[in-house]
Protein chains: 2
Amino acid sequence: MRSNESFASAIRLRGMKLTRQRQLILEVLESSRGHPDAEMVYAKAKERDPRIGFATVYRTLALLKQLGLAEEHNLGEGHGHFEAVDKTKPHFHFTCLKCGKVVEFVSPQILRTTQSLCEKKGLLVTDIHLHFSGYCRHCRPAGSECAEKP
Amino acid sequence: MRSNESFASAIRLRGMKLTRQRQLILEVLESSRGHPDAEMVYAKAKERDPRIGFATVYRTLALLKQLGLAEEHNLGEGHGHFEAVDKTKPHFHFTCLKCGKVVEFVSPQILRTTQSLCEKKGLLVTDIHLHFSGYCRHCRPAGSECAEKP
DNA sequence: ATCTAAATGATAGTGATTATCAATATCAAA
DNA sequence: TTTGATATTGATAATCACTATCATTTAGAT
């Protein structure tokens with residue numbers, strides 16, 4: 001795991017300590033498919049370290065976010081969902097309002113547009129959250145095309 | 001206020017009742033600058049109707065969202081921010097991580113790209129939330145250009 | 001004016017996240 | 001390698017944003 005290295009150095013750079021728990025939580029996140037929430041990460045971490053605490057999970061997820069190793073997404077449920085960052089594959093999310101399915105997709109064009117917008121406005125962008133919601137192919141009413149809100 | 005009309009008809013269409021409180025909350029939202037949260041809407045509504053309740057504010061904001069008359073944005077604080085919808089001006093938000101300022105901007109190009117993505121994937125998109133965060137012109141470190149997360 | 005269902009407001013409850021703090025573990029230095 | 005300073009942990013209490021409940025009130029049809 002290459003990010004273990006960068007994690008260790010980022011941690012030490014800031015005078016923080018590389019703990020068993022922090023490494024475990026990063027590993028859990030990296031080996032997760034989809035977008036686990038804090039509770040899910042806690043459950044998975046607990047399988048490998050039954051003594052791990054809930055607060056540590058939250059603290060570590062916040063730390064990983066700060067270090068740019070994790071992202072938190074708001075998928076329309078009342079709580080956060082987390083994902084290990086793979087810088088080579090920035091992507092966006094669509095949530096189906098009916099079946100709840102989350103679709104990931106990429107758009108180099110949106111990234112480019114964002115890039116140029118950011119330059120024009122003098123904004124230093126560190127995070128882009130693009131989240132669509134609506135109805136997936138399966139749940140959309142028959143015959144409906146892309147449209148504005150009803 | 002043209003949206004009062006559409007509000008009244010949308011409400012009645014669904015067999016709901018057009019109450020003093022609902023009208024007041026819509027008016028508060030429409031006359032607000034920026035992106036008030038539920039508490040702010042409650043405070044402003046209370047100025048005009050001291051008997052109004054907290055739950056009513058939440059219920060009505062949810063209703064306005066359903067009717068497409070309001071949007072809820074996640075600006076990185078732990079709670080929602082609301083905004084009356086003006087369909088002629090879809091826009092996005094940038095939050096400065098240092099000073100907290102929220103910048104609004106438009107991008108017809110991103111809307112177009114979204115439109116065509118949605119068509120390709122067969123997704124019926126009803127809502128687009130694009131939220132950037134980073135550092136504004138004033139807070140960004142001197143000499144820094146647009147860049148990835150540190 | 002009357003009636004009925006919808007809506008309100010007060011408040012209790014819930015779920016997610018954060019703060020507190022004594023106990024523990026990391027890691028630099030002796 | 002032990003020691004010591006202090007960052008971190010884990011248990012739990014607290015907080016925060018929001019939602020459910022329910023008796024009372026009100027909108028709007030008759």
Side-chain angles (χ1 to χ4, degrees), chain A residues 4 7-29 35-67 70-82, chain B residues 4 7-29 35-67 70-82:
Chain A
N4 245 325
F7 186 36
S9 50
I11 286 270
R12 297 221 173 84
L13 198 68
R14 287 157 213 247
M16 292 170 159
K17 291 172 180 176
L18 186 65
T19 65
R20 189 171 33 84
Q21 292 92 331
R22 284 175 174 172
Q23 292 178 87
L24 172 56
I25 289 164
L26 177 58
E27 281 168 34
V28 163
L29 202 62
H35 311 86
D37 54 20
E39 196 178 4
M40 185 73 78
V41 172
Y42 174 63
K44 282 198 172 189
K46 201 148 199 176
E47 284 174 17
R48 290 219 259 149
D49 178 1
R51 311 176 59 82
I52 204 162
F54 214 75
T56 300
V57 170
Y58 273 101
R59 277 187 297 237
T60 304
L61 288 172
L63 174 63
L64 292 172
K65 270 168 63 183
Q66 274 180 34
L67 299 180
E71 280 182 356
E72 180 173 1
H73 301 290
N74 223 292
L75 302 176
E77 306 179 42
H79 58 275
H81 290 253
F82 297 85
Chain B
N4 245 325
F7 186 36
S9 49
I11 285 272
R12 297 220 173 85
L13 198 67
R14 287 157 213 246
M16 293 171 159
K17 292 172 179 174
L18 185 65
T19 64
R20 190 171 32 87
Q21 293 91 331
R22 286 174 172 172
Q23 294 179 86
L24 172 55
I25 289 164
L26 176 59
E27 281 169 32
V28 163
L29 202 62
H35 312 86
D37 54 21
E39 195 179 5
M40 184 73 78
V41 173
Y42 175 63
K44 281 197 172 190
K46 201 147 197 175
E47 285 174 14
R48 291 219 258 149
D49 177 1
R51 311 177 59 84
I52 204 164
F54 213 75
T56 301
V57 170
Y58 274 101
R59 277 187 297 237
T60 304
L61 288 172
L63 174 63
L64 291 172
K65 270 168 64 182
Q66 275 181 34
L67 298 180
E71 280 182 357
E72 180 172 2
H73 301 290
N74 222 293
L75 301 177
E77 306 178 42
H79 59 273
H81 290 253
F82 297 85

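Each chain gets a letter, A, B and so on, in the order the sequences are listed, and its residues count up from 1.
Taking atom CZ of A:R22 as the reference point, atom C1' of C:dT24 lies 14 Å away to the nearest angstrom. For the pair A:R14 CZ and C:dT26 C1', the computed distance is 19 Å after rounding to whole Å. Here the P atom of nucleotide C:dT17 and the NE2 atom of A:H81 are 9 Å apart, to the nearest Å. When the P atom of D:dT25 is taken as reference, atom CZ of B:R20 falls 13 Å away, rounded to whole Å. Whole-Å rounding puts the A:E39 CD to C:dT17 P distance at 10 Å. Nucleotide D:dA7 holds its P atom 16 Å from the CG atom of A:L13, rounded to whole Å. For the pair B:D49 CG and C:dA7 P, the interatomic distance rounds to 17 Å; values are reported in whole Å. Rounded to a whole Å, the NE2 atom of B:H73 is 19 Å from the P atom of D:dA17.
Under 4.0 angstrom from either OP1 or OP2 of C:dT8 there lies no side-chain N or O belonging to B:R51. Phosphate proximity of C:dG9 to B:Q21: present, with a side-chain N or O under 4.0 Å from OP1 or OP2.
Ring orientation note: the planes of B:H79 and B:H81 are close to parallel, at an angle under 30° on the 30°/60° scale.
With DNA chain D read from its 5' end, the first of the two nearest nucleotides for A:G15 and A:K46 is the one closest to A:G15.
Considering only heavy atoms from C-beta on, A:I25 comes within 4.5 Å of A:I52 through its side chain. Between B:T19 and B:I11, every side-chain heavy-atom pair lies at or beyond the 4.5 Å cut-off. Looking at heavy atoms from C-beta onward, A:M40 lies out of side-chain contact with A:F82 at the 4.5 angstrom threshold. The shortest distance between side-chain heavy atoms of B:L29 and B:L61 falls below 4.5 Å.
Between A:K44 and A:V28, the shortest heavy-atom distance links the atoms CB-CG1, 3.6 Å. Nearest heavy-atom pair across A:D37 and A:G80 is CB-O, 3.3 Å. Between A:V57 and A:A38, the closest heavy-atom pair is CG1-O, 3.8 Å.
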Under 3.5 Å, which protein N or O atoms sit close to an N or O of nucleotides 27-30 of chain C? Give each pair with its distance.
| unit_1 | atom_1 | unit_2 | atom_2 | d |
| --- | --- | --- | --- | --- |
| C:dC27 | OP1 | A:L18 | N | 2.8 |

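Of the N and O atoms on the side chains of A:T56 and A:R59, at least one donor lies less than 3.5 Å from an acceptor on the other residue.
For the helix from C:dA1-D:dT30 to C:dA30-D:dT1, the axis fitted to the five pairs at one end and the axis fitted to the five pairs at the other end meet at an angle of 30° (nearest 10 degrees).
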TODO: Take A:T60 and A:Q21, measure what side chain to side chain contact (heavy atoms under 4.5 Å, CB included) needs, and give me the verdict at the end.
DONE: CA-CA 8 Å; A:T60 304; A:Q21 292 92 331; 5.6 Å; no
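The backbone N or O of A:F7 lies less than 3.5 Å from no partner atom in the side chain of A:R22, so there is not a single donor-acceptor pair.
Listed in residue order, the members of residues 52-64 of chain A having a heavy atom less than 4.0 Å from DNA chain C are A:F54, A:A55, A:Y58, A:R59.
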